There are 2 protein chains.
Amino acid sequence: MKINDLYIAIGNRIKYLREEKGISQQDLAARCDFEKSNMSRIEAGKTNLTIKTVYKICSALNIKISDIFYDI
Amino acid sequence: MKINDLYIAIGNRIKYLREEKGISQQDLAARCDFEKSNMSRIEAGKTNLTIKTVYKICSALNIKISDIFYDI
DNA sequence: AAAGTGGTTATCATATATGATAACCAGTAA
DNA sequence: TTACTGGTTATCATATATGATAACCACTTT
């Protein structure tokens with residue numbers, strides 16, 4: 001897998017898990033303490049996330065980090 | 001879990017998986033195309049890894065990304 | 001002794017993730 | 001119409017991860 005495809009897969013996974021919880025991008029962003037624009041960037045797979053950011057998102061979604069990488 | 005404990009847990013996990021494969025830090029670093037000093041820093045949990053770096057390490061160890069976060 | 005292996009720590013420059021702001025679009029409600 | 005919600009994109013400053021180098025330690029081998 002190419003690295004950009006990995007970013008996109010992670011973004012898609014976050015989007016899927018977020019929608020599963022029925023919350024909006026801006027809600028999730030608020031729970032993570034950052035702006036909705038950044039959440040959009042993340043879900044679009046436009047950034048090479050750090051573990052800290054993944055951790056914030058997982059905490060906000062109340063899931064484990066491994067849930068993000070399930071089947072990746 | 002505090003964020004620094006997460007970094008340390010990930011570093012420990014990488015160390016464990018590396019030793020399981022019976023390779024040295026410097027070998028793993030070489031496979032990842034970076035210096036052994038950086039590998040030491042990573043295993044010590046002194047850095048907030050990016051996905052790209054995790055990906056390089058997993059590729060070098062021939063494991064899945066989710067293996068790094070197993071039980072974390 | 002000298003050389004090699006495995007690992008740690010400090011330091012630096014450079015690339016880039018993050019956090020923030022603003023402008024924008026589409027759809028819906030008042 | 002206006003206002004609100006949900007999302008996207010561009011841009012910027014600042015913080016920091018990465019990549020690299022060097023010095024160092026302990027241990028083993030020659």
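Letters go in sequence order (proteins before strands), and every chain restarts at 1. On a predicted model such as this, the values are computed, not experimentally measured, just so you know.
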Say whether, by atom type as modelled, one donor and one acceptor occur between the side chain of [X] and the main chain of [Y] under 3.5 angstrom.
X        : Y        : value
Tyr55(B) : Met1(A)  : yes
Asn48(A) : Lys52(B) : yes
Arg31(A) : Ser59(A) : no

Review point. Should Ile63(B) and Lys21(B) be marked as a side-chain contact (heavy atoms from CB on, under 4.5 Å) after you check the CA-CA gap, both sets of side-chain angles, and the distance that decides it?
Key: CA-CA 11 Å; Ile63(B) 60 178; Lys21(B) 303 272 178 176; 4.1 Å; yes

**Study point:** From CD (Gln25(A)) to SG (Cys32(A)), nearest 0.5 Å
**Key:**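 If I round to the nearest 0.5 Å, the distance is 11.0 Å.
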
Exercise for review: Supply the atom-to-atom distance Arg13(B) CZ to Arg18(B) CZ, rounded to the nearest 0.5 angstrom.
Suggested key: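 Those atoms lie 13.5 Å apart.
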
Exercise for review: Mind checking Lys56(B) for me? I need base, sugar-phosphate or nothing, with any heavy atom below 4.0 Å counting as a touch.
Suggested key: sugar-phosphate

Check your understanding: Within the structure shown, what part of the strands sits under 4.0 Å from Thr53(B) by heavy-atom distance: base, sugar-phosphate, or nothing?
Key ->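 Answer is sugar-phosphate: Thr53(B) comes under 4.0 Å of backbone atoms only.
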
**Study point:** Heavy-atom side-chain contact between Phe69(B) and Lys64(A) under 4.5 Å
**Key:** no

Point to revise | pair Val54(A)-Ile65(A): side-chain heavy atoms closer than 4.5 Å | key: yes

Give me, pair by pair, the N or O atoms of the protein and of nucleotides 26-30 of chain C that are less than 3.5 Å apart, along with how far apart they are.
none

Study note, to complete from the structure: Within residues 59-67 of chain A, the residues having a heavy atom closer than 4.0 Å to DNA chain C are none

Review point. Is there a residue in residues 39-50 of chain B whose heavy atoms reach under 4.0 Å of DNA chain C, and which residues are they?
Key: Ser40(B), Arg41(B), Lys46(B)

Exercise for review: Examine dG6(C): is either OP1 or OP2 under 4.0 Å from a nitrogen or oxygen in the side chain of Gln25(B)? Give yes or no.
Suggested key: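 Looking at the OP1 and OP2 atoms of dG6(C), neither is under 4.0 Å from any side-chain N or O of Gln25(B).
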
Practice item. Start with the C-alpha gap between Ile68(A) and Cys58(A), add the side-chain angles, then the distance that decides, and say whether side-chain contact (heavy atoms from CB on, under 4.5 Å) holds. Key: CA-CA 8 Å; Ile68(A) 294 282; Cys58(A) 289; 3.3 Å; yes

Check your understanding: Between Tyr7(A) and Thr47(A), does a side-chain contact (heavy atoms from CB on, under 4.5 Å) hold up when you go through it step by step?
Key -> CA-CA 7 Å; Tyr7(A) 300 156; Thr47(A) 192; over 6 Å; no

Revision key, fill the gap. Comparing Arg18(B) with Lys52(B), nearest DNA chain C nucleotide closer to 5' gives the residue Arg18(B)

**Study point:** Nearest atoms (heavy-atom pairs only) where Met39(B) meets Ala29(B)
**Key:** CB-CB, 3.9 Å

Check your understanding: Which heavy atom in Leu17(A) sits nearest to a heavy atom in Asp67(A), and how many Å separate them?
Key -> CD1-O, 4.1 Å

Exercise for review: Tell me, please, which residues at least two apart from Ser24(B) pass side chain to side chain contact (heavy atoms under 4.5 Å, CB included).
Suggested key: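 Checked Ser24(B) against side chain to side chain contact (heavy atoms under 4.5 Å, CB included); matches are Gln26(B), Asp27(B).
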
Exercise for review: Please find the earliest and latest nucleotides of DNA chain D, in the 5' to 3' direction, that have an atom within less than 4.0 Å of any heavy atom of chain B.
Suggested key: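 Result: dA17(D) to dA22(D).
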
Check your understanding: Should Ile57(B) and Ile42(B) be marked as a side-chain contact (heavy atoms from CB on, under 4.5 Å) after you check the CA-CA gap, both sets of side-chain angles, and the distance that decides it?
Key -> CA-CA 10 Å; Ile57(B) 293 169; Ile42(B) 289 167; 4.1 Å; yes

**Study point:** For Glu43(B), the option from Ile8(B), Ile14(B), Ile10(B) that meets side-chain contact (heavy atoms from CB on, under 4.5 Å)
**Key:**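 Per the side-chain contact (heavy atoms from CB on, under 4.5 Å) rule, the option paired with Glu43(B) is Ile14(B), out of Ile8(B), Ile14(B), Ile10(B).
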
Check your understanding: At how many degrees, to 10°, do the end axes of the helix from dA1(C)-dT30(D) to dA30(C)-dT1(D) meet when each uses five pairs?
Key ->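 Answer for the end axes of this duplex: 20°.
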
